[in-house]
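Note sheet for the following structure.
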Amino acid sequence: MSFVMSEHDATATRPVGRRGGLGRPRIARGVLGAALAAIAAIAIAPGVAGAAPPPKLTIASPAPDSVTNNATPTFAGITSAEEEEFLGVAIQDRLTVVIKSEAGEVVQEPSIESPIRPQAWSIGPVAPLPPGTYTARVIEREVSLGSETVIEQSPQVRFTVDTVPPAVTLTSPANGSTTTLSSQAFAGAAGTAPGDGATVTVQLFAGPSIGSQPPIEGLSVPVADGHWSATLGGLTPGTYTARAEQSDEAGNLGTSAPVTFTVTVPVIPPVTTPPIASFKWFPQTPVVGEPVTLVSSSTDQSSALAGFAWGLTPTAALIPGKQVTSTTFATAGDHPVRLRITAADGQSAITTETIHVVNPRLSLMAPFPVVRIAGTVTFAGVNISLLTVQAPVGARVRVSCRGRGCRTASESRLAASSSKKHRASMVVIAFRRFQGPLRAGAVLEIRIFKNGVIGKYTEFVIRRGRLPVRIDKCVGQAGLNPIACPIS
């Protein structure tokens, strides 16, 4: 018994008929009777010279697994449909797009009479589709003597309609607030729906409203745990309006409500008091290697602040700088940071804050690897004819065998592009050392791993007279023990 296993499938090979397995000879139906059917079947019997090549039917738009904010898409593709005449009877094809919801319910079935082949076809725009995920398949039917016969179906295409923009907000500073600082910290929530962008852009406008003016300053910052934060400096006294924007992969743009605030000149009381040193940092819990913005929030009731000096490590000397500075941390853990401020009257103060830094969360390797094995089941186990791994460029692939009958213990390969001019994102690696017979009890282990991402682990347990048992898991960036895959 032959078998092919790709991911979780294991199927026996079988022959496939013409026209996608549905077969077609084109014959007249109904009143032409069985005699005409027999003549037509002989005329185009398989293997007879001059038989038409197998037809093709595809959906090219929308693209598979695409996301769009167009609720009335147009469907298009290629068809081999043709208008024929058989023994004086006209045969015309009709193309119908069957659109189904994610629950499998048919929501629309637009159709057209197909033109003479080969021909690109187009149906739409269709009636508005509510936001959601849909599947579409185009069906070709033969129309003859008042009857219709399905002769071909295209592969199913899955797409998503998303017309909802990300729900981004701007909550800090408060609308109508006043500050005496020349810098302003901004923060808010970001949209976290599937497809929402990983960054938020905060824009600053001059005056109490936005109108049609361009922003005077803008800054894009990453989204972390559904929140974002940014700091804009160099502000002179006056009134400003800020707004946050976030886009998604469908092209929708979400905007926050505008927030207006005022920067004023601080009033210095006549009483001389020492300054109070303090500072904040954004984001509150940074990850290793992420830029961290340090903003002095120090105050002095009797004198203007004239100098700032930062110490970014416990033993480093204080280095003069500005009210706002930035840094990164190379390791996780608690990092003490010091700030010394000096007022115009010569008085100074120093403070120390501890910034807790965490390791970044690993994401899945993209594109995710594909492991494929093929061969023949034998009484003693299997006879492997093919073992391939499709992996992204730069990934390390290690195949090992343990248990009885292993002829090769392990083999490690690096997924590398074969052409410098045309660099592919994925390469296919064949492991020919493992081809051949393998006895029951042997276990093949395939690990695909890469630094900074979560990789793939696949295991095949060889059994006597039956298909191998396949186990798919994930593996850490070091490619050691298998782990459970994260839930997306």
Side-chain angles (χ1 to χ4, degrees), residues 4 6 9 11 13-30 32 37 40-41 43-68 70-87 89-127 129 132-161:
V4 176
S6 180
D9 296 331
T11 59
T13 58
R14 60 183 178 86
V16 178
R18 297 177 60 243
R19 194 83 175 190
L22 295 175
R24 181 190 189 183
R26 289 186 177 270
I27 63 173
R29 291 171 173 81
L32 296 183
I44 59 171
V48 177
K56 297 179 181 178
L57 185 62
T58 63
I59 295 178
S61 177
D65 298 318
S66 60
V67 181
T68 178
N70 181 10
T72 58
T74 295
F75 293 83
I78 300 296
T79 179
S80 61
E82 59 182 334
E83 183 176 355
E84 299 179 351
E85 183 174 305
F86 186 83
L87 298 182
V89 178
I91 301 176
Q92 176 68 46
D93 285 358
R94 176 179 295 126
L95 300 181
T96 301
V97 176
V98 180
I99 308 171
K100 294 183 179 181
S101 66
E102 195 166 19
E105 298 177 352
V106 176
V107 295
Q108 292 189 46
E109 290 185 288
S111 65
I112 60 170
E113 299 298 329
S114 61
I116 299 176
R117 70 168 184 177
Q119 182 65 51
W121 62 269
S122 176
I123 300 178
V126 300
L129 295 171
T133 299
Y134 299 87
T135 59
R137 185 191 304 275
V138 61
I139 300 175
E140 183 179 345
R141 293 181 174 90
E142 181 181 83
V143 181
S144 176
L145 298 179
S147 63
E148 297 185 5
T149 303
V150 175
I151 58 174
E152 188 171 3
Q153 299 185 34
S154 74
Q156 181 173 275
V157 171
R158 179 183 176 93
F159 65 98
T160 299
V161 175

For [X], side chain to side chain contact (heavy atoms under 4.5 Å, CB included) partners two or more places apart:
| X | result |
| --- | --- |
| A71 | V161, T163 |
| T58 | I78 |
| P110 | V97, I99, Q108, I123, V126 |

[X]: which residues meet the side-chain hydrogen bond (donor to acceptor under 3.5 Å, both in side chains) condition with it, sequence neighbours left out?
| X | answer |
| --- | --- |
| T160 | T133 |
| T74 | none |
| S61 | none |
| S101 | none |

List in chain and number order the residues that pass ring-ring contact (aromatic ring centres under 6.0 Å, His included) with F159, two or more places apart in sequence or in another chain; answer none if no residue qualifies.
F75, Y134
Euclidean distance, [Y] [atom2] relative to [X] [atom1], rounded to 0.5 Å:
| X | Y | atom1 | atom2 | value |
| --- | --- | --- | --- | --- |
| I151 | I139 | CD1 | CD1 | 11.5 Å |
| R94 | E140 | CZ | CD | 12.0 Å |
| T135 | E102 | OG1 | CD | 9.0 Å |

Only counting residues at least two apart or in another chain, list the ones meeting salt bridge (charged side-chain N to carboxylate O under 4.0 Å, His left out) with E109.
none
Using salt bridge (charged side-chain N to carboxylate O under 4.0 Å, His left out) as the criterion, list what pairs up with R137, not counting sequence neighbours.
none
If you compare all heavy atoms of V138 against all heavy atoms of L95, which two are closest, and at what distance to 0.1 Å?
CG2-CB, 4.2 Å
If you compare all heavy atoms of P125 against all heavy atoms of T72, which two are closest, and at what distance to 0.1 Å?
CB-O, 3.1 Å
